[in-house]
Number of protein chains: 2
Amino acid sequence: MTSEPNLLAVIQRQLNELNKSEAKVAQAILNAPEEATRSSIASLAAAAGVSEPSVNRFCKRFGATGFPDFKLQLATSLASGVRYVSRAVEFSDDINTFPTKLFDNAINALMTAKEELPLKAIARAVDQIAQARRVYFFGLGTSAAVARDAEHKFFRFNVPVFTHEDPLMQRMLAASAGVGDLFFFISHTGRTKVLVEAAEIARQTEATIVSLTAEGSPLADQSHYCINVKIEEDTEQYLPMTSRLVQLVILDVLAAGVTLRRGEGFTPHLARIKDSLKDTRFPTS
Amino acid sequence: MTSEPNLLAVIQRQLNELNKSEAKVAQAILNAPEEATRSSIASLAAAAGVSEPSVNRFCKRFGATGFPDFKLQLATSLASGVRYVSRAVEFSDDINTFPTKLFDNAINALMTAKEELPLKAIARAVDQIAQARRVYFFGLGTSAAVARDAEHKFFRFNVPVFTHEDPLMQRMLAASAGVGDLFFFISHTGRTKVLVEAAEIARQTEATIVSLTAEGSPLADQSHYCINVKIEEDTEQYLPMTSRLVQLVILDVLAAGVTLRRGEGFTPHLARIKDSLKDTRFPTS
DNA sequence: ACTCATTATGTAGTAAATTTACAAATATTC
DNA sequence: GAATATTTGTAAATTTACTACATAATGAGT
């Protein structure tokens, strides 16, 4: 079953080539698609002003095995279309609306990112991280928090990991890098000067440069390997809210990739790290 | 029509509270969701090993008017592309499967959190933050990165914001707190001793204590206001991956709430902050 | 313009699927 | 262990969808 991404568009396109009664059915469906998914064949036939078998024939014409199957395809098609709409928070919003909007935006961002994941770039980045002698995560502003998060994740792999928010430290570390060092730059825009400059400095050494940033940005240009994250429109007026979520999940993906690379024998090591925290917590009652 | 964004997650979550036969139906659906959307009630009943009316009752229990309506909702929910409920990464996974799994898990976590958002607690927290004289964000480990992110967000509101990862600093600052100070504790488990102790110390002052943590935890007990985040099962064996995403989005929600509270006249101030970064970036070509 | 062939549409009956009402079985409480 | 409540299944009723066939409409050729 080749589930058509947009059934309504297909119907619309074929409107001319349909018989009179089939066209009536098409029109009825186009007028109220959601309702059509909930109707019985009888009520849809009535709404279109045709007989039930006409509706049935219509369905088969569009590749369905029958009316129920057609409804299913229609519902599927409608569901995937509605999804990707980001809604900005407005001053007229209240506690019942804006939290949902923000969550929806976050979910949408992740779904979009998931569909266009640069898998090859991710795979290559995993390779590089797995064999690095040292890893530096550099970011500024919001991305500094992401870098910090990455640090907490990657130190588990027995690779020394460093993070610095100080641009001067970043420059100096970049300058003193050598073979086996990996610099991982994180930036939403990929245009932050001091960060790009640090990348340029690192580029002149033997170190490997990986970045998680916008495609075609100056930072991407400086990188040996770049994981592109689509820069979305500025729905959220004043803060990059969703992009850092995507960055975090991609870093999770990288960490998982390295774990898989290390193999099953590595699990006890991770378990030991986890256990080490046991005594810092109040026991569960 | 309350079209459920992720019906499978809802089913999964309620598995325990179902009767024997309803649980069988649930299992059958979770095993092969897309097949279920194409089955008749009879074949699904057979697959689950129960009678047809049991399937029907199951559907109604989940808000559908009947079996066809349920299939529709299920198809709609599946169409979003977020497949299974929570899938752990396994060593047999490769680059084509584990990134998707991690994204799906993240998306699911946000969807679940969205459904059970503690709106009243959020509203109260917004109130408190909006009128605080000073705000401290305290977290440790992964939550330290979240706290850092919060700092980047909330300083924009003309309220002094502080973050410290050092437990000793946290204690000392807690001890020296006074009226108008707000301590915002972030913790996945709510059981980290040094953090809870800092909260206890702060509690003895005039300061307000807000936490973003697990319900019923020691940290929650120390808080005047607690935003509960459901602690999910430990699918991710060794790292809390999804919970921090939820924490971040909830902090976005709080920030948005404070922005709305400040009113429209506050927008220029935010714009000025944004503009201040302009010269740090390479211009867009 | 008329007939024949072709296509389109509807009618009616049939089969299938879903739901309801009720009865049997199982679990729960006192 | 009896009484009650809950769960589950059986069987009938109802709704829904499909098939076969008949009628109507359309178009081509004479």
Side-chain angles (χ1 to χ4, degrees), chain A residues 1 3 7 11 13-78, chain B residues 1 4 7 10-11 13-77:
Chain A
M1 183 175 60
S3 149
L7 188 51
I11 294 173
R13 200 163 344 116
Q14 298 213 3
L15 207 53
N16 310 323
E17 298 152 36
L18 297 173
N19 321 332
K20 253 180 277 179
S21 55
E22 286 179 340
K24 283 191 212 167
V25 177
Q27 206 54 61
I29 291 170
L30 290 172
N31 284 343
E34 295 84 359
E35 201 183 323
T37 62
R38 282 178 264 113
S39 311
S40 71
I41 195 169
S43 51
L44 180 56
V50 299
S51 70
E52 299 182 19
S54 289
V55 175
N56 194 274
R57 282 187 281 264
F58 173 90
C59 295
K60 289 183 174 167
R61 190 182 230 281
F62 283 93
T65 68
F67 182 68
D69 183 45
F70 177 83
K71 281 201 294 189
L72 205 74
Q73 288 186 213
L74 183 59
T76 304
S77 156
L78 289 175
Chain B
M1 182 175 62
E4 176 55 50
L7 188 52
V10 175
I11 294 172
R13 196 156 358 108
Q14 298 211 4
L15 250 183
N16 311 322
E17 296 151 38
L18 297 174
N19 327 335
K20 252 179 277 176
S21 55
E22 286 179 339
K24 283 192 212 165
V25 176
Q27 206 53 62
I29 292 170
L30 290 172
N31 284 342
E34 36 278 291
E35 198 183 324
T37 63
R38 283 178 263 111
S39 312
S40 71
I41 195 170
S43 51
L44 182 56
V50 300
S51 70
E52 299 181 17
S54 289
V55 175
N56 193 272
R57 283 186 284 262
F58 172 89
C59 296
K60 289 185 173 166
R61 189 181 229 282
F62 283 94
T65 67
F67 182 68
D69 183 46
F70 177 85
K71 280 200 295 189
L72 205 74
Q73 288 186 216
L74 183 60
T76 305
S77 154

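Letters A, B, ... are given to chains in the order of the sequence lines, protein chains preceding strands, and every chain is numbered from 1.
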Rounded to the nearest Å, what distance is computed from the [atom1] atom of residue [X] to the [atom2] atom of nucleotide [N]?
| X | N | atom1 | atom2 | answer |
| --- | --- | --- | --- | --- |
| Ile41(B) | dT15(D) | CD1 | C1' | 13 Å |
| Glu17(A) | dA8(C) | CD | P | 13 Å |
| Lys24(A) | dT9(C) | NZ | P | 8 Å |
| Arg61(B) | dT8(D) | CZ | P | 10 Å |
| Glu22(A) | dT9(C) | CD | P | 7 Å |
| Asp69(A) | dT16(D) | CG | P | 19 Å |
| Phe67(B) | dT19(C) | CZ | P | 8 Å |
| Leu44(B) | dA16(C) | CG | P | 19 Å |

At less than 4.0 Å, is any side-chain N or O atom of [X] found next to OP1 or OP2 of [N]? Yes or no.
| X | N | answer |
| --- | --- | --- |
| Ser54(A) | dG10(C) | yes |
| Asn19(B) | dT7(D) | yes |
| Asn56(A) | dC18(D) | yes |
| Ser40(B) | dA16(C) | no |
| Ser21(B) | dT7(D) | no |
| Lys60(A) | dA17(D) | no |
| Lys20(A) | dT26(D) | yes |
| Ser51(B) | dT8(D) | no |

Pro53(B) side chain, from C-beta outward: closest of dA17(D), dG9(D), dG10(C): dG9(D)
Measure from the side chain of Arg57(B), starting at C-beta and using heavy atoms only, and say which of dT18(C), dG9(D), dG10(C) lies closest. dG9(D)
With side chain to side chain contact (heavy atoms under 4.5 Å, CB included) as the criterion, how do Phe58(B) and Ile11(B) come out once you've worked through the C-alpha distance, each side chain's angles and the decisive distance to 0.1 Å? CA-CA 10 Å; Phe58(B) 172 89; Ile11(B) 294 172; 4.2 Å; yes
Kindly give the heavy-atom pair with the smallest separation between Ala48(B) and Ala28(B), and that separation in Å. CB-CB, 3.9 Å
Sub-3.5 Å donor-acceptor pair from the side chain of [X] to the main-chain atoms of [Y], do we have one?
| X | Y | result |
| --- | --- | --- |
| Ser21(A) | Ser54(A) | no |
| Lys71(B) | Ser39(B) | yes |
| Ser77(B) | Gln73(B) | no |

When we call it a touch if two heavy atoms are under 4.0 Å apart, what does Lys71(A) touch: a base, just sugar-phosphate, or nothing? sugar-phosphate
